[in-house]
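See below for the structure under consideration.
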Number of protein chains: 2
Amino acid sequence: MNDRKQHVINTAHQLFVEKGFQATSIQDILDYSSISKGTFYNYFSSKNELLMAIFRDIQKKFEHERNELLVGKDPADIEVFINQMVLQVKTHRATNLIPLYEEVLFLNDVELKKFIGNIQIRLLRWVYERLNDIFGESNKPYLLDGAIMFTAILHHNLKYERMANRLNSSPERVVRYSVNRLVILMNDVNSTGEQLLPPEILEEWSPSCHKKDKTYHEKLTLEIMSLKKELVKDKDLEKYVELLDFVQEELLQSDNKRPFVVESALAAIEIYFGKDKLQRLRSFIQ
Amino acid sequence: MNDRKQHVINTAHQLFVEKGFQATSIQDILDYSSISKGTFYNYFSSKNELLMAIFRDIQKKFEHERNELLVGKDPADIEVFINQMVLQVKTHRATNLIPLYEEVLFLNDVELKKFIGNIQIRLLRWVYERLNDIFGESNKPYLLDGAIMFTAILHHNLKYERMANRLNSSPERVVRYSVNRLVILMNDVNSTGEQLLPPEILEEWSPSCHKKDKTYHEKLTLEIMSLKKELVKDKDLEKYVELLDFVQEELLQSDNKRPFVVESALAAIEIYFGKDKLQRLRSFIQ
DNA sequence: GCTTTTTTTGTACTGAGGGTATAATATATG
DNA sequence: CATATATTATACCCTCAGTACAAAAAAAGC
């Protein structure tokens, strides 16, 4: 992406955080990023399109960081989950994501709404899958309910805890408290057998998100990590890290839209590792 | 209130429900309620002011109905609480209140935000006080946490249950499910002693809302009800019911802004009941 | 019934804000 | 140096909230 364009995204994001989306006029963005209106509409077809670009930008970085926390750890370890949720809270707070999401939901822009809706469901689904790691198959019928109630409790607790403690707000404490409640709730619904929503409904809600199953995801991440560890410190280290990260990212996308670019990256990586060692990585391509 | 003005409020509310607040232009409201712009701005100083009028209108009716459900019942009976929550959900859905609230929170209007914020806190406080009735003093340190988590769980469950079941959505089922979770959570925090937020903080959040304490509220409601029951069916029945309702409503307001009107109403009521029987009711005036 | 006051209406206006069009200018590329 | 692309400045259109004000209609007072 263009440096200039990225600069506009950053400036606009900052303005949106400070003043809100609607309260920030295009003129504000023009002034603060020192570009002309013509250039702006050359980069983005509308103010909404700019907002989506910002969302995509943040989301990408965040999901990457979140998955890094899982690498090499036991997925069933609830401490890892807590760390991931703390990261999420901090990212959201730093980027003011939640308020922006909520603001946008009332903007009468169908496309934008669908976009946000998808992100929300994706987040819910991620929590669901993590709960699956943690609580196991025996709790499966209650995992969606658990995911919904956990995110609910966490969000509200965060909101009010912040209102109460202002500057001394402690996300860690709230996350821990909320996770403790989750554990109790899961025990309870498991023993009483009360189910509100069947987990299968998630499939309906994630349109065409035939996301790779958890196993695939984890195995790939581990494979990439192990390859990274083999890299010795030399002048090309950065290059190979970049290549590996790119391959991982592309393969984790649900749509395999740039197969040839991936192939070229693999070819470049092969120069370092040799054909044999790359065999396993290649097997991840469908 | 003026009939015409009330008509504008109703029409506007309907339009806001259908199209959303921002998407409804003043011109729309003018067209649908057949008034001129001049008249509109004679009634309301701005579009936001109109929205607040709508909120006040709904809120008043709703709180009245909600309190009626409590009259003559045991406040500690959780079934009564469930009924009240079901009423709330249905009112909110029928009036599209929640979406309107949320939309407004991102309108960069300080006054409007404060207004909504107060309503939310008031609702939270009401739940807190009801939980106090139900779970008693021994749970007091955890009642605010409970109120926060219960409203969180309920809202999220409602949202997703509706997404799943569309037309077959059953608020009763969701309320019951959520109340069951609440009971478990209260047991849990009581036994582990984990507290997130101290209930005292509520005082800070309800600015100048030196609401009459629960006892006052209940006693007054009971007194009014018992007087109503004494009314025999005669031509003046309606008149006295109206008078009693008015007195109750006025006295439940935190600010006693129309003492003389209340006094005149009491005088009128006295004609039916006589000075003695009205003694108790009069004692409710500070 | 007539006068005065209040309410309502119609019309025209202001200003902010999103978005378009385009000719002129600057910058990069070959 | 020439050509293609990116950028700028300026002027413009449209929608919408809110204002101003004189004319007309309706209420209220007597």
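Every chain is numbered from 1, with letters handed out A, B, ... down the list of sequences.
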* Asked: Does NZ in A/Lys114 sit with more than 12 non-hydrogen atoms of other residues, nucleotides or ligands closer than 6.0 Å?
  -> no

* Asked: Can the positive tip of A/Lys47 be found less than 6.0 Å from the middle of the six-membered ring of A/Phe21, inside 45° of the ring normal?
  -> yes

* Nearest whole angstrom, please: distance from the P of C/dA16 to the CG of A/Asp28. => 12 Å

* Is the shortest heavy-atom distance from the side chain of B/Leu97 to the side chain of B/Thr91 under 4.5 Å? -> no

* Length of the line joining B/Leu30:CG and D/dT15:P, which is rounded to integer Å -> 17 Å

* Could you walk me through whether B/Asp28 and B/Lys19 pass the side-chain contact (heavy atoms from CB on, under 4.5 Å) test, one step at a time? => CA-CA 10 Å; B/Asp28 290 336; B/Lys19 310 173 54 171; 2.9 Å; yes

* Check whether any side-chain nitrogen or oxygen of B/Thr39 sits under 4.0 Å from OP1 or OP2 of C/dT8, and answer yes or no. => no

* **A/Asn10: which of A/Gln14, A/Gln6, A/His13 passes side-chain hydrogen bond (donor to acceptor under 3.5 Å, both in side chains)** => A/Gln6

* Asked: Please give, in whole Å, the distance from D/dG18 P to B/Gln27 CD?
  -> 13 Å

* Taking the six-membered ring for Trp, are B/His155 and A/His156 parallel (under 30°), tilted (30 to 60°) or perpendicular (over 60°)? -> tilted

* Structure fact -> Residues in residues 40-51 of chain B with a heavy atom under 4.0 Å of DNA chain D, by number, are B/Tyr41, B/Ser46, B/Lys47

* Structure fact -> Contacts of A/Ile26 and A/Gly38 projected onto DNA chain C by closest heavy atom; the upstream (5') one is A/Ile26

* To do: Return the value, rounded to whole Å, for the distance between atom CD of A/Gln22 and atom C1' of D/dC16.
  => 14 Å

* To do: Go through the N and O atoms of the side chain of B/Lys37 and the base of C/dG10, and report whether any donor-acceptor pair is under 3.5 Å.
  => no

* Asked: Phosphate oxygens OP1/OP2 of C/dT7: is one of them under 4.0 Å from a side-chain N or O of B/Arg4?
  -> no

* Rounded interatomic separation in angstrom, taking CD1 from A/Ile29 and P from C/dG17 -> 12 Å

* Asked: How close or far is atom C1' of C/dT8 from atom NZ of B/Lys5, stated in whole angstroms?
  -> 15 Å

* Geometric class of the B/Phe62/B/His92 ring pair [parallel <30°, tilted 30-60°, perpendicular >60°] -> tilted

* Can you tell me how far P of C/dA28 sits from CG of A/Asp3, to the nearest Å? -> 12 Å

